[in-house]
Amino acid sequence: MSYYISLLFNGLVSGGFVALMSLGMSIIFGMMRIVNFMHGSLYMLGAIIAYFLGFYFGASIWIGMLAASILVGVLGAILERTLIRRLYGLDLAYILILTTGLSLFLEDTVRNFYSVTSSAPFLVPQVLKGAVNLGFIVYPKYRLFVVVVSILLCLGTWFALERTRLGALVRAASERPSLLKCFGGNVPLLISGSFFFACALAGLAGALSAPMRNVSPYMGQEMINIVFAVVVAGGMGSIAGSVVMGFASGILQALMAIVYPQASTVIIYVLMLVILVVRPGGIFSGVDISQFPLHYTPMTERVRAFFLSRPAAMVALAVGFLLPWFVYPILATDIILWGLFAVGFDLLFAYAGLLSFGQAAYWGTAAYVMGVLAMTFGAPTWLAFIAGVAISTTLGLFFGLILARKKGIYFSMITFAISAIIAFVVNQFADYTGGEDGLHGLSRGTLFGMDLQNDRVYYHVCMAIVILVIFFLCRLLKSPYGLSLLGARENERRMMSVGYNVFFLRLKAYVLSAFIVSTAGALYALNHQFVTLEMVNWRASGEPVMMTLLGGAGTIFGPVLGAGIVVVMRNALSSITDNGSLYLGLLFITVILFARRGILGESLHNILDRQQNTSPHNGSDGKTAGNHSEPVHSSKEAADVD
Amino acid sequence: MLKITNLDSFYGESHVLQGIDLNVEAGEVVTLIGRNGAGKTTTLKSIIGDIPRRTGSIVFNNAEIINATSEQICKMGVGLVPDDRGIFSTLSVYENLTIGRPVGPQAWPLSRVYELFPVLKDRNAQKASSLSGGEQQMLAIARPLYMGSTFLLLDEPSEGLAPVIIDAIGSAIQQIKAAGLTVLLVEQNLPFATEVADRHYLLENGRIVREMSNSEVATEEESLLAHLGV
Ligand SMILES: Nc1ncnc2c1ncn2[C@@H]1O[C@H](COP(=O)(O)OP(=O)(O)O)[C@@H](O)[C@H]1O
Ligand SMILES: [Mg+2]
């Protein structure tokens, strides 16, 4: 009995960390309407700071907590003032890239100075050492301390927000910032202050976890995933929701650890999926974000037309043929296949207006189905390939039926949950999928007498397929279907009122995207002749987002260019420096701040659009969007942004 | 007290106010009348500094405020009662009322505010979104009084309210005037306007086309109503 109770207490302990983190995420979302994907890195920084202070200066947890929260809070506030502030009111994708870029940067910088992985028990002062007898259970004092501190902090924050004048100002600023200014409220200060506080909570949670968890530069990554799911399930921006779900997630994991240990990490995603399907706003009603405008900096019609034109295709074709002469063929194949993945993503993002965080579900499923059929059941490669793509696309149809009705951030969250669940399933059936080891030794086989084992031949086959898909896609986007899809992105109501079934338009786009991504995934597995868990990992879902924005969303060839840059940079950087992710992080930050249309998009915009628009107020729509000093909340206000 | 010369205001590319000239003396109640979309709300927003792009001159108490922020303008004594009443729905009645800090000696103590609108005292712990439309309007008017604004911008306070409530709001405005405050009122309800105001400006397509006295408004009520389309 006491064993179970102590397991439950352990659940409360890990739930406490999650609750403190989610609370901060929720405050930031409620106030600024942004999802702070670097929150996990701030948690990591807090732990590292406490570790260092304890290790070198013999500081106790008290000093560690204080220093971690102040330093991390100040860092967060500085980043908000200098960088994040420029993106208020813009699409979630930009925030994702910027804060992910910042995360990469922070993690890699820390890794440079510190790469040990161990906990910091030396932080625990004498009073908190040992165990305490609670009557029904004997429990370590420090863990109990964590539970008490996190509960007190959550209650304190709730009290401050709901019952004090400062809290009223914060709530007013979240609701109607420009109106609050008319009553003398200092909105920018309130925003920076909230950011400081939320980040300080993350730093504090990190410090608190240092004595009992492995402190490593990457400890924030797993945390951010759980927190993300918790915040969504609790109701975006709802303080109570995030705290309750935070503790609940810990307890739920502890319970799962008793009945079905393998599923304890995935349970929170399942819960989030169920909640979002049953109660789309989360369990507690958070900020109403159904009307929340997500602006992205679009291509102008002229630039879009250029990308769908013949000259663009010719240039791309030429580059495609020259590519294997510049990089070795396996890498060249990687580039075009990641590019194809990104194109599939971009179809949803730029044309359907749906930001998917989970396309790796199809990239990986196709590869795994193919791998299992070929390796375990001995199917010939071509058959396994076709079956893999077909099954994965069918899965896309199934999920599409749920997803095509969802919009904005909810769509993104559900795709994220789905891909987490797929990753879990793949890992669960390790007998077939090889689990952590993956499936090795896939054979590419032959096609029409060509030996695909030859890398150069394989590249050209892949290129033919990519060309075919892109050609088909260009036709489609120029067709009435493509135009109505774009129309629904711009103004859903109008499209519905003229008789379009927006649900079907989106469903088709989703399934098509799943098909493209599946094809790319299966080909990618064959390129390397193995399938690993990395293909279903959430990070694989993030890659196409970055590649697309880097190259230029909505530009067909832009995502492929972005893929080229990312793949080549990773490859080249890994041989000359250990700081590949640091530079990649910097690149993301730069692109988001200075070239929001992506590299290809922005250059063409400069060449094609600037000639025409000589008036100073035209053609700079993307720039003005970044100059907001406060979040854009009502759709009316946001309408003048672009 | 307030002198506007050649004010131009823009929403993005659209040029909404085109050379507004008007002035309001201390202690006066002046209305802006004009049909929907004429630019009345935009004029008030320009005065409080809530329009990012505005040019020309707005002098308030001898200070140029055309480039000031709404925070600064509010602290100089300009109080806004927005057309949607500007209630913060997640805040309680009391929190709404006291959201602006009292500035200056003109600030009304809570007791005086409650004397004018007793209902706000009875409901002060309730969420403001649970108030009726008339009560919300009273809360919206009470807010700048508590802050100590000396110049009120009232945007269609009678809109959508029952006649009894309109009377109550009207008498509140008269008491506010008697207390020495200055009011710039946007109003479509002409009988209400002539009852509380000293004079009127007629606004058309972002321009002031006429200044009118109470008696002119009364005699031309028919044609004005036709013009306003109400
Ligand atoms: N946020 C806005 N963005 C763009 N145009 C606006 C906005 N608000 C008002 N307008 C336009 O400005 C003009 C004047 O509006 P407004 O000042 O609200 O008129 P009134 O209060 O007299 O009815 C109208 O044509 C309206 O369409
Ligand atoms: Mg108006």
Side-chain angles (χ1 to χ4, degrees), chain A residues 30-31 89 160-191 237-240 284-288 295 613 615-621 623-625 627-630 632-634 636-642, chain B residues 10-16 41 44-53 68-104 107 125 127-129 140 143-144 146-149 152-153 155:
Chain A
M31 188 85 165
L161 274 174
E162 294 298 322
R163 292 281 178 274
T164 66
R165 174 174 163 80
L166 184 63
L169 284 170
V170 169
R171 276 176 287 141
S174 333
E175 196 182 327
R176 302 182 67 172
S178 59
L179 181 67
L180 182 62
K181 284 185 179 168
C182 296
F183 292 99
N186 189 340
V187 175
L189 184 67
L190 285 167
I191 289 181
S238 156
I239 302 297
F284 286 74
S285 61
V287 179
D288 179 16
H295 279 262
N613 298 333
S615 119
H617 303 302
N618 282 338
S620 58
D621 44 0
K623 300 290 189 300
T624 46
N627 292 342
H628 271 265
S629 58
E630 69 181 50
V632 181
H633 287 180
S634 80
K636 193 178 169 198
E637 272 176 69
D640 350 324
V641 169
D642 265 315
Chain B
F10 304 81
Y11 289 106
E13 288 304 296
S14 75
H15 188 172
V16 174
T41 299
L44 297 194
K45 281 186 166 185
S46 304
I47 298 173
I48 193 81
D50 196 16
I51 300 281
R53 205 169 141 217
T69 64
S70 26
E71 253 178 280
Q72 294 164 333
I73 296 170
C74 151
K75 288 184 177 154
M76 293 167 79
V78 180
L80 176 69
V81 181
D83 50 359
D84 65 355
R85 296 163 195 148
I87 298 300
F88 296 103
S89 62
T90 51
L91 272 61
S92 72
V93 171
Y94 175 80
E95 285 169 335
N96 261 285
L97 180 56
T98 57
I99 194 75
R101 277 247 164 74
V103 281
K127 278 260 177 282
S129 50
R143 262 187 323 203
Y146 173 81
M147 260 192 328
S149 309
L152 294 196
L153 303 169
D155 202 344

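Interface residue B:P82: only side-chain heavy atoms are found under 4.5 Å from chain A. Both the backbone and the side chain of B:S89 have a heavy atom closer than 4.5 Å to some heavy atom of chain A. With a 4.5 angstrom heavy-atom cutoff, B:L153 does not touch chain A via any of its atoms.
The line from SG of A:C182 to CG of B:L80 is 5.5 Å long, rounded to the nearest 0.5 Å.
Not one N or O on the side chain of B:R101 forms a donor-acceptor pair closer than 3.5 Å with the backbone of A:G184.
Residue-environment remark: CZ (B:F10) exceeds the threshold of 12 foreign heavy atoms within 6.0 Å.
Side-chain contact between A:R171 and B:F88 is absent, with no heavy-atom pair separated by less than 4.5 Å.
Pairing each heavy atom of B:I99 with each of A:A172, the nearest pair is CD1-CB, 3.9 Å. Heavy-atom minimum distance, B:T90 versus A:E175: OG1-OE1, 2.9 Å. Nearest heavy-atom pair across B:E95 and A:T164 is OE2-O, 4.3 Å.
Put simply, of B:D84, B:T69, B:I73, the one with the most heavy-atom pairs under 4.5 Å next to chain A is B:D84. Options B:S70, B:G100, B:S14 differ in how many heavy-atom pairs under 4.5 Å they form with chain A, and the most are formed by B:S70.
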